[in-house]
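Okay, structure first, notes after.
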Amino acid sequence: MSTTGASADPLAALGSLPGVPEAVESVRKAVDRVYGHRIMRRRSNEITSEAALRGARGSAALSGADWALEEVRRRTDFSGDDEARMMGAALRLTAEAGQLLSIWRQSPLRVLARLHLVAAADGDERVGRPRQEGEAVEEPLIELPLPSAAEAHGRLDGLAELIIAGGSAPALVTASVVHGELLALRPFTSHNGLVARTAERVVLVGSGLDPKSVCAAEVGHAELGRAAYLAALDGYVSGTPEGMAAWIAHCGKAVELGARESMAVCEALQRGAA
């Protein structure tokens with residue numbers, strides 16, 4: 001995303017693209033429905049925990065580890081093959097996200113580095129810092145042209161400046177741009193998809209839209225499917241108003257589906273308590 005131009009608040013400008021205000025309003029209504037459920041008033045911690053598990057499963061699925069929810073719930077060892085390690089990384093990131101909310105607005109680059117460190121969980125010198133020129137990126141499911149390390153660093157700095165400056169953009173817009181920019185740049189040598197989706201969650205929670213983290217967008221992204229995810233990402237990378245709006249709307253739909261999932265959990269708990 002270009003952060004230059006006539007608007008002093010480019011994120012807010014994206015909020016006025018055709019279809020985006022409607023997506024923002026639809027997301028707000030979906031989130032409000034979850035928070036208005038009677039179970040949320042008494043058992044919100046259980047809903048948060050379940051949303052975290054389902055969100056991790058959804059994020060891992062988009063990175064190639066598409067496991068059944070019950071398998072994720074049953075397993076205790078995620079150190080086996082590549083899929084198991086990917087699932088383990090997604091679970092660690094979901095647990096870590098809540099610890100970083102207070103740091104995000106002051107130092108988003110520090111948070112992103114920490115997320116990569118948690119995801120990779122090894123002592124490789126490339127872990128926990130943006131990639132350097134000549135370093136390969138392991139992100140096989142995203143086949144977009146890879147920006148140079150210099151471009152990635154510059155755009156990351158620009159994104160961080162926008163986040164630190166704040167502004168009037170709706171949470172959905174900011175979260176969508178953070179998510180899309182990290183996927184487009186792939187600033188780390190691995191786990192960029194997991195980091196991008198976790199950063200989206202951090203924005204949605206930290207903004208106050210979903211303070212209890214019960215509307216896991218990762219659930220919705222997985223439900224919408226990898227093909228739709230990549231097609232919407234192409235729109236973001238195009239930089240056109242239509243493409244950007246389509247990406248934001250796609251992310252909005254994912255949040256709505258995450259909210260719907262938690263509504264279903266609330267209903268199941270309510271039936272069990274009846």
Side-chain angles (χ1 to χ4, degrees), residues 31 34-35 40 43-60 62-63 65 72-73 75-79 84-124 126-130 156 159-164 166 171-172 174-179 181-183 187-221 251 254-255 258-259 261-262 265:
V31 173
V34 178
Y35 279 83
M40 280 293 294
R43 302 174 69 177
S44 64
N45 288 343
E46 292 176 66
I47 309 301
T48 296
S49 296
E50 188 64 20
L53 184 70
R54 295 179 185 220
R57 192 217 71 83
S59 190
L62 288 169
S63 287
V72 181
R73 206 187 300 279
R75 288 282 285 268
T76 57
D77 181 7
F78 296 95
S79 62
R85 287 192 291 273
M86 186 67 70
M87 186 62 67
L91 289 166
R92 290 193 300 274
L93 284 174
T94 300
E96 185 74 12
Q99 311 302 314
L100 301 173
L101 295 171
S102 63
I103 305 171
W104 174 254
R105 283 294 297 272
Q106 287 74 42
S107 185
L109 297 184
R110 179 180 164 195
V111 169
L112 293 175
R114 174 62 184 171
L115 291 176
H116 186 240
L117 187 68
V118 168
D122 65 39
D124 191 301
R126 298 171 298 173
V127 169
R129 63 157 173 80
L156 269 182
L159 182 64
E161 289 171 8
L162 288 176
I163 293 165
I164 293 168
L172 172 65
T174 303
S176 300
V177 168
V178 167
H179 184 171
E181 195 72 353
L182 292 173
L183 287 178
F188 302 107
T189 56
S190 66
H191 297 89
N192 290 287
L194 293 183
V195 169
R197 291 183 288 275
T198 305
E200 179 185 42
R201 175 186 285 263
V202 168
V203 174
L204 293 171
V205 174
S207 68
L209 176 65
D210 180 21
K212 295 184 183 294
S213 193
V214 297
C215 302
E218 305 97 315
V219 169
H221 286 302
C251 290
V255 178
E261 185 92 350
S262 284
V265 174

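Across Leu204 and Ala171, no two heavy atoms sit closer than the pair CD2-O, 4.2 Å. Considering every non-hydrogen atom in both Leu93 and Val195, the closest pair reads CD1-N, 4.2 Å. Residue Ala121 comes nearest to Arg92 through the heavy atom pair CB-NH2, 3.5 Å, listed as atom of the first residue, atom of the second, then distance. Shown here for Leu91 and Phe78, the closest heavy-atom pair between the two residues is CD1-CZ, 3.5 Å. Of all heavy-atom pairs spanning Leu194 and Ser63, the tightest one is CD2-OG, 3.9 Å. Across all non-hydrogen atoms, the minimal contact from Leu182 to Pro187 is O-CD, 3.5 Å.
Two residues are said to be in side-chain contact when any heavy atoms from C-beta on lie closer than 4.5 Å; Ser207 and Thr174 fail this criterion. Taking the side chain as every heavy atom from C-beta outward, Val202 and Leu101 approach each other to under 4.5 Å. Looking only at side-chain heavy atoms (C-beta outward), Arg57 and Glu218 stay at 4.5 Å or farther from each other. Residues Val203 and Leu172 form no side-chain contact, since every pair of their non-hydrogen atoms from C-beta on lies 4.5 Å or further apart. With a 4.5 Å cut-off on side-chain heavy atoms, Val178 and Trp104 count as touching.
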**Item:** Steps toward side chain to side chain contact (heavy atoms under 4.5 Å, CB included) verdict (Leu62, Arg197)
**Value:** CA-CA 10 Å; Leu62 288 169; Arg197 291 183 288 275; 3.8 Å; yes
**Asked** Does the side chain to side chain contact (heavy atoms under 4.5 Å, CB included) test come out yes or no for Cys215 and Val34, once each step is laid out?
**Response** CA-CA 8 Å; Cys215 302; Val34 178; 4.3 Å; yes
**Request:** Report the C-alpha distance between His191 and Leu115 in whole Å, list the side-chain angles of each, state the deciding distance to 0.1 Å, and finish with yes or no for side chain to side chain contact (heavy atoms under 4.5 Å, CB included).
**Result:** CA-CA 9 Å; His191 297 89; Leu115 291 176; over 6 Å; no
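There is no side-chain donor-acceptor pair under 3.5 Å between Arg201 and Ser59.
Rounding to the nearest 0.5 Å gives a distance of 9.0 Å between CZ of Arg75 and CE of Met87. In this structure, CZ in Arg114 is found 4.0 Å from CD in Glu96, a value given to the nearest 0.5 Å. Rounding to the nearest 0.5 Å places CG of Leu109 at 8.0 Å from CG of Leu159. With values rounded to the nearest 0.5 angstrom, Leu112 atom CG is found 12.5 Å from Leu117 atom CG. From Asp210, atom CG reaches atom OG of Ser262 across 8.0 Å, with rounding to the nearest 0.5 Å. Within the model, atoms CD of Glu181 and CG of Leu156 stand 7.5 Å from one another, a figure rounded to the nearest 0.5 Å.
No donor-acceptor pair closer than 3.5 Å links the side chain of Ser213 to the backbone N or O of Thr48. Panel note: side chain Arg105, backbone Ile163; a donor-acceptor pair is recorded below 3.5 Å.
Classification of Glu50 and Arg54 as a salt-bridged pair holds, one side-chain N sitting under 4.0 Å from a carboxylate O.
Aromatic ring pairs are classed by plane angle as parallel below 30°, tilted from 30° to 60° and perpendicular above 60°; the pair Phe188 and His116 is parallel.
Heavy atoms of other residues, nucleotides or ligands lying less than 6.0 angstrom from CZ of Arg110 number 12 at most. Around the CZ atom of Arg129, the shell of radius 6.0 Å holds more than 12 heavy atoms that belong to other residues, nucleotides or ligands.
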